[in-house]
J.: 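Got a structure for you, written out below as structure tokens; questions coming shortly.
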Amino acid sequence: MWQKAQQVSQQFWNTWRNQYLSNLQNRTRWMVKRKNVAPGMMVLLKEDNIPPLKWPLERIDEVFFGRDGNVRVVNVCTKDGMFNHGISKVCLLPIRENEAEGSDEIVEISE
């Protein structure tokens, strides 16, 4: 009974990680221009060596833009200090505050 409960629990978290978390980090840059992250937004920091439920929840302190005008690196303040993270390791949370603080509207890019 215990093994079955553990198996169901593991299956749930694997599905959650593969479906929900990957949706937070959509990569549709070729079809749709998305809002840039901005200071003050809440994010999950994706860590490869810890399970998703233990990923730290942080607030973006500062953003750094690339040559194309998009955010490429963010600076977050954690309990251990200030750290820079690449945008690929950041999952923006779907919070209304985050939507209000975004810099641009979503615009389709014509080909």
J.: Quick one: does V90's side chain get under 4.5 Å of L45's, heavy atoms only?
T.: yes
J.: Kindly compute the distance separating NZ (K54) from CD (E47), expressed to the nearest 0.5 Å.
T.: 13.0 Å
J.: Is the closest side-chain heavy-atom distance between N70 and F65 below 4.5 Å?
T.: no
J.: Can you check whether I87 reaches V73 side chain to side chain, under 4.5 Å on heavy atoms?
T.: no
J.: Looking only at heavy atoms, which two atoms of P56 and I50 are closest? And how far apart?
T.: CD-CD1, 4.3 Å
J.: For I60 versus V76, what's the shortest heavy-atom pair and its separation?
T.: CA-CG1, 4.0 Å
J.: With sequence neighbours left out, write down each residue that passes side-chain hydrogen bond (donor to acceptor under 3.5 Å, both in side chains) with D48, or none if nothing qualifies.
T.: K89
J.: Please indicate whether Q3 has more than 12 foreign heavy atoms, meaning atoms of other residues, nucleotides or ligands, lying under 6.0 Å from its CD.
T.: no
J.: Give, for atom CD of Q10 and atom OG1 of T15, the distance between the pair rounded to the nearest 0.5 Å.
T.: 10.0 Å
J.: State, with a plain yes or no, whether a side-chain heavy atom of V74 is found less than 4.5 Å away from one of V37.
T.: yes
J.: Does the side chain to side chain contact (heavy atoms under 4.5 Å, CB included) test come out yes or no for L44 and L93, once each step is laid out?
T.: CA-CA 7 Å; L44 285 174; L93 294 175; 3.9 Å; yes
J.: For the CD atom of E58 and the CE atom of M42, what is their distance to the nearest 0.5 Å?
T.: 7.5 Å
J.: Testing the basics here: between D61 and C77, what is the closest heavy-atom pair and its distance to 0.1 Å?
T.: CB-N, 4.4 Å
J.: Please enumerate all residues that pass ring-ring contact (aromatic ring centres under 6.0 Å, His included) together with W55, with sequence neighbours excluded.
T.: none
J.: Using the side-chain hydrogen bond (donor to acceptor under 3.5 Å, both in side chains) criterion, which residues pair with N14? Sequence neighbours excluded.
T.: R17
J.: With side chains defined as the heavy atoms from C-beta onward, is the minimum distance between W13 and L53 less than 4.5 Å?
T.: yes
J.: Between T78 and F83, is any pair of side-chain heavy atoms under 4.5 Å apart?
T.: yes
